[in-house]
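The chain is numbered in sequence order, starting from 1.
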Amino acid sequence: MISAVLVFNNHGKPRVNQFYQYYTESEQQQIVRETFQLVSKREDHVCNFLEGAGSVIGGTDCKLIYRHYATLYFVLCVDSSESELGILDLIQVFVETLDKCFENVCELDLIFHMDKVHFILNELVMGGMVLETNMNEILTRIEEQNKLEKEEATAPTRALSAVKNMNLSQQLKDIKLPELPQAIKDLK
């Protein structure tokens, strides 16, 4: 099971944090710091797996599986039941999907489009379990979501034009009000 998905920059600043187990905010911050310290010290040519790493996140049953792309580290904290190569592939699918959505994804894309990044991540992993690894399926879901967002964005404009087309001012003029009772006329 996946315990957490962490993305941070070369300076240890978290850009995406998704925890699939409950941790307090201070524990989450400690996990990010500890994970960054462990992963950033490693040379680029060494293995991308760290077993038994992290006293906070899972102890000896925890594995950190990561990839370093340009200025970002993509780290998944998993238990011993997960396949290291499968998780590396999942990281690759995540990064390639981000790359296709943002056309050469960079750190700023993760910062300014956090909702879309989490949408993509939720298409890949939900509740710590891998849902989908087919990038084409994920991109299809993203396109569907973008289409819905565009429809919602144009809805107020369409509603306004429908109201304008109703010619309300003329309809208000055409309304026939009933005669006022004699008692109200006498009050004037």
Side-chain angles (χ1 to χ4, degrees), residues 1-102 105 107 109-111 113-145:
M1 183 168 163
I2 299 170
S3 303
V5 175
L6 309 171
V7 180
F8 42 80
N9 67 11
N10 288 339
H11 304 290
K13 300 278 187 207
R15 296 305 178 210
V16 177
N17 291 340
Q18 182 68 47
F19 291 89
Y20 298 105
Q21 294 178 354
Y22 175 76
Y23 296 101
T24 64
E25 190 172 328
S26 61
E27 288 174 327
Q28 289 179 11
Q29 291 172 355
Q30 185 178 351
I31 289 168
V32 170
R33 276 192 307 273
E34 189 177 294
T35 303
F36 174 71
Q37 289 172 354
L38 290 168
V39 170
S40 65
K41 288 186 225 175
R42 296 174 59 89
E43 297 290 326
D44 287 337
H45 64 278
V46 298
C47 179
N48 292 31
F49 316 137
L50 283 166
E51 289 199 41
S55 58
V56 176
I57 199 158
T60 58
D61 192 39
C62 174
K63 291 188 273 188
L64 298 178
I65 302 171
Y66 71 95
R67 295 291 301 258
H68 186 204
Y69 296 98
T71 63
L72 295 171
Y73 287 92
F74 290 81
V75 183
L76 272 72
C77 307
V78 300
D79 62 18
S80 59
S81 66
E82 294 291 337
S83 161
E84 291 93 349
L85 295 176
I87 296 298
L88 275 178
D89 186 48
L90 184 66
I91 294 171
Q92 184 72 27
V93 169
F94 184 38
V95 172
E96 284 183 22
T97 305
L98 289 171
D99 205 42
K100 288 204 182 217
C101 287
F102 298 115
V105 68
E107 189 173 346
D109 291 323
L110 300 183
I111 294 168
H113 303 288
M114 186 63 68
D115 55 338
K116 189 172 250 184
V117 172
H118 277 280
F119 180 81
I120 293 167
L121 183 57
N122 287 337
E123 288 295 314
L124 288 164
V125 178
M126 184 71 70
M129 303 299 287
V130 177
L131 292 179
E132 184 65 65
T133 57
N134 183 343
M135 190 171 34
N136 293 328
E137 282 293 319
I138 297 165
L139 290 170
T140 301
R141 299 299 158 257
I142 293 165
E143 277 301 313
E144 289 171 355
Q145 182 66 24

inquiry  = Looking at L64, is its backbone amide N or carbonyl O close enough to the side chain of T35 to form a donor-acceptor pair, meaning the two atoms are under 3.5 Å apart?
reply    = no
The ring-ring contact (aromatic ring centres under 6.0 Å, His included) partners of H118 (sequence neighbours excluded) come to none
*asked:* Apply side chain to side chain contact (heavy atoms under 4.5 Å, CB included) to residues V5 and F19 and explain how you reach the verdict.
replied: CA-CA 6 Å; V5 175; F19 291 89; over 6 Å; no
inquiry  = So V7 and P14, do their side chains get closer than 4.5 Å, heavy atoms only?
reply    = no
side-chain hydrogen bond (donor to acceptor under 3.5 Å, both in side chains) filter on Y69, not counting sequence neighbours, yields Q92
Sequence neighbours excluded, the answer for ring-ring contact (aromatic ring centres under 6.0 Å, His included) partners of Y66 is none
Separation between CZ (R33) and CZ (F8), nearest 0.5 Å, reads 12.5 Å
So OG1 of T97 and CD1 of I138: to nearest 0.5 Å the spacing works out to 4.5 Å
Interatomic distance, SG@C77 vs CD1@I31, rounded to 0.5 Å, equals 7.0 Å
Between the CZ atom in R141 and the CZ atom in F119, the distance rounded to the nearest 0.5 Å is 8.5 Å
Taken in chain and number order and not counting sequence neighbours, the residues that satisfy side-chain contact (heavy atoms from CB on, under 4.5 Å) with E107 are N9, R15, T71, L72, I111
The complete set of salt bridge (Lys or Arg N to Asp or Glu O under 4.0 Å) pairs with one or both residues in residues 113-125, sequence neighbours excluded, reads none
Separation between OG (S83) and CD1 (I65), nearest 0.5 Å, reads 7.5 Å
4.5 Å side-chain heavy-atom contact, L139 and C101: yes
Those residues at least two apart in sequence (or on a different chain) that pass side-chain contact (heavy atoms from CB on, under 4.5 Å) with T133 are L90, V130
Which of V75, N48, N10, V39 passes side chain to side chain contact (heavy atoms under 4.5 Å, CB included) with H68? Answer is N10
In short, salt bridge (Lys or Arg N to Asp or Glu O under 4.0 Å) pairs touching residues 37-48 with sequence neighbours left out are none
If you count the non-hydrogen atoms of other residues, nucleotides and ligands that lie under 6.0 Å from CD in E144, is the total more than 12? yes
Residues passing the side-chain contact (heavy atoms from CB on, under 4.5 Å) test with S80, sequence neighbours excluded, are D61
For I2 and Y20 the tightest heavy-atom approach is O-CB, 3.5 Å
Taken to the nearest 0.5 Å, the spacing of L88 CG from C47 SG works out to 8.0 Å
query = Do Y23 and Q21 get their side chains close enough for a donor-acceptor pair, meaning under 3.5 Å?
reply = yes
Here the salt bridge (Lys or Arg N to Asp or Glu O under 4.0 Å) pairs for residues 90-100, sequence neighbours left out, are none
Original post:
Between V93 and L124, does a side chain to side chain contact (heavy atoms under 4.5 Å, CB included) hold up when you go through it step by step?
Top reply: CA-CA 9 Å; V93 169; L124 288 164; 3.7 Å; yes
Quick note, salt bridge (Lys or Arg N to Asp or Glu O under 4.0 Å) partners involving residues 67-94, not counting sequence neighbours, are K63-E84
Would a 4.5 Å heavy-atom cut-off, applied to side chains only, mark L98 and L110 as touching?
yes
Residue set satisfying side-chain contact (heavy atoms from CB on, under 4.5 Å) with N134, at least two apart, ordered chain then number -> E132, N136, E137
Of all heavy-atom pairs linking G12 and V32, the shortest is O-CG1, 4.2 Å
Given side chains that start at C-beta, do those of L76 and I91 come closer than 4.5 Å, heavy atoms only? yes
